[in-house]
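See below for the structure under consideration.
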There are 2 protein chains.
Amino acid sequence: MKTIEIKGAWQGNSDCESCAIRSSVLFAELNEEDFSKIHAPIDDFSFEANAELYAQGDSAEYVYTLREGYIKLLHFNPDGTARIVRLVRPGDLFGMESLLDDLYKHSAIALTNIHVCKIPKKIISSLGDESPRMHRQIVKKWGEALSQAEAWFSEINTGRIEIRLARFFLQLSRQSGENSVAPLFKREDMGLMMDVKFETISRALASMAEQGLIANVSKLSVQIPDLARLKAFAKRGMD
Amino acid sequence: MKTIEIKGAWQGNSDCESCAIRSSVLFAELNEEDFSKIHAPIDDFSFEANAELYAQGDSAEYVYTLREGYIKLLHFNPDGTARIVRLVRPGDLFGMESLLDDLYKHSAIALTNIHVCKIPKKIISSLGDESPRMHRQIVKKWGEALSQAEAWFSEINTGRIEIRLARFFLQLSRQSGENSVAPLFKREDMGLMMDVKFETISRALASMAEQGLIANVSKLSVQIPDLARLKAFAKRGMD
DNA sequence: CGTTGGTTTGAAAGGACTCAAGAGGGGTGG
DNA sequence: CCACCCCTCTTGAGTCCTTTCAAACCAACG
């Protein structure tokens, strides 16, 4: 297990007030007055795939918003094994531990090339004291993170792998032209999400393709020819 | 799967200001002035084991604090299977979804006889607007819940079952007179926590007892003769 | 064109599941 | 107070799924 050191590229300060995805993120409920209270700079960074934004145990100074790409949150067990505890998607907030503790509780590693906003925690705490709107938004985001983690945990980790994979695809699928597409990640990573070895993921994908549940399996994505059929499969398996 | 209807017994209104476990729960940081703003009643309830406090999908009107006993939070998957996503322990807050959504995201069922405080959500929101301390405490509790859920997820669901059980015991063990003791729950429930069938739990317990890692396995608890040895086992397995 | 990192595939071994039967404990009614 | 029932836990044997260890494959890259 080697540590990869990749520096993020600084992309300039963010203009949060006119941010395109602002409505879905942390500052959604802020008004002009609130923005005027932001003094510390909020940086806009991009990282390459495999870059580690922070490691479990690092001193936590920033909260992040993911603008583009995917990030895995890795929790390391005492024995050195690890699990992916959350898959961060665009619009999600992560690293919120910084707001109440000094240490990150998990590592954050880019699965793809990403774009993030890096928000110093002191902005939040100072703003928070004056702006109930801000606090409300944080509580809300936090709650969403918890719900997502629980649902993820429950649905992606129960039953035979083919079923877990099916649910995984359903959660991540989006319309793309004619048909639905779901992203794939390194087999190793997918194994860490679902608690199986990467070979098992590979075999399950092959088997599902053979059954026609998915098509065009590549390194990065699958097509879903028939969403309804996959949904049925996710429920009952293939009787 | 049958639904059990057990009414909670009302134990009177809570006197939060002089609550014995107040320091560890929601109102920890409130001062006298804050308390004077609480008008709606906070009820003190007790429930028997197996009572369902609320069900996934129910309209969420209360936040709860667990004073005594254990509670399981169950997430139901679309296909009807379920997983225990969190084990609530004394001092923990649960049902926080009520603060931001209308529906509970999981069911809460008593594993033992319990004692809870039932806090109407409007108290929180009204208090929260005026008291940053309150908000801070909520954020903190929420963060703890998320961290706990992630750690739980990762450590209790990775590796061979005997190892999962070992980690489970280490998390829940407490000193009791001479030696350490960890609680056990119905094998079925333990299976839902660790994603195995109840027979597998039973077998794993037997095997661990045979290896001397645990002793005096009963329905409700195990003794841990040698914490250090169990800890070593949780890391490396039994080479 | 040989390396390299990641993916696929194969065969054998191991762990968990299923189905099934039996044991233990607590509660109820005779 | 004992017999009986029900619920839960334990244990066994065979099957199924996942892991392990290995080898082959593939695409990207220097």
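Throughout, protein chains are lettered first and strands after them, A, B, ... in sequence-line order, and every chain is numbered starting at 1. Side chains are part of it too, since the values below use all heavy atoms of this structure and drop only hydrogens, waters and symmetry mates.
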Practice problem: Take atom CZ of B/Arg187 and atom C1' of C/dA23, then tell me their distance rounded to the nearest Å. | Solution: 14 Å
Quiz item: Is B/Leu205 touching bases, backbone alone, or none of the nucleic acid, heavy atoms closer than 4.0 Å?
Solution: nothing
Quiz item: Quick one: which of C/dG6, C/dA16, C/dT9 gets closest to the side chain of A/Lys186?
Solution: C/dG6
Practice problem: Taking only the side-chain nitrogens and oxygens of B/Lys219, find out if one of them lies under 4.0 Å from OP1 or OP2 of C/dG25. | Solution: no
Quiz prompt | Atom-pair distance (CD on B/Glu199; P on D/dG14), nearest Å | solution = 17 Å
Quiz item: Hey, are the side chains of A/Asp102 and A/Ser59 touching, using non-hydrogen atoms and a 4.5 Å cut-off?
Solution: no
With a cut-off of 3.5 Å and sequence neighbours excluded, list every side-chain donor-acceptor pair involving residues 203-210 of chain B.
residue: B/Ser207; atom: OG; partner: B/Glu162; partner atom: OE2; Å: 2.8
residue: B/Ser207; atom: OG; partner: B/Gln211; partner atom: NE2; Å: 3.0

Exercise. In sequence, state the C-alpha distance, the side-chain angles, and the governing distance for A/Ser154 and B/Asn77, and then conclude on side-chain hydrogen bond (donor to acceptor under 3.5 Å, both in side chains).
Key: CA-CA 7 Å; A/Ser154 178; B/Asn77 296 326; 2.8 Å; yes
Quiz item: Is the base of C/dG15 touched by the side chain of B/Arg203 through a donor-acceptor pair closer than 3.5 angstrom?
Solution: no
Self-check item: Derivation and outcome, salt bridge (Lys or Arg N to Asp or Glu O under 4.0 Å), residues B/Lys105 and A/Glu150
Solution: CA-CA 9 Å; B/Lys105 295 287 195 307; A/Glu150 289 183 352; over 6 Å; no
Quiz item: Rounded to the nearest Å, what distance is computed from the CG atom of residue B/Asp195 to the P atom of nucleotide C/dG15?
Solution: 17 Å
Quiz prompt | Integer-rounded Å distance: C/dC17 P and B/Arg160 CZ | solution = 14 Å
Quiz item: When the distance from CG of B/Asn157 to C1' of C/dA16 is rounded to whole Å, what number comes out?
Solution: 15 Å
Exercise. Considering just the side-chain nitrogens and oxygens of B/Lys197, establish if one lies under 4.0 Å of OP1 or OP2 belonging to C/dC17.
Key: no
Quiz item: What is the distance, rounded to the nearest whole Å, between atom CG of A/Leu184 and atom P of C/dT7?
Solution: 10 Å
Quiz item: Touch check for B/Ile201, heavy atoms < 4.0 angstrom, all strands: base, sugar-phosphate only, or nothing?
Solution: nothing
Quiz item: What integer distance in Å separates A/Glu162:CD from D/dC17:P?
Solution: 9 Å
Exercise. Could you check how far CZ of A/Phe185 sits from C1' of C/dT7, rounded to whole Å?
Key: 17 Å
Quiz item: Using a cut-off of less than 4.0 Å, is there contact between a side-chain N or O of A/Thr200 and OP1 or OP2 of D/dT19?
Solution: yes
Exercise. Assess the pair B/Tyr54 and B/Tyr64: is the distance between their ring centroids shorter than 6.0 Å?
Key: yes
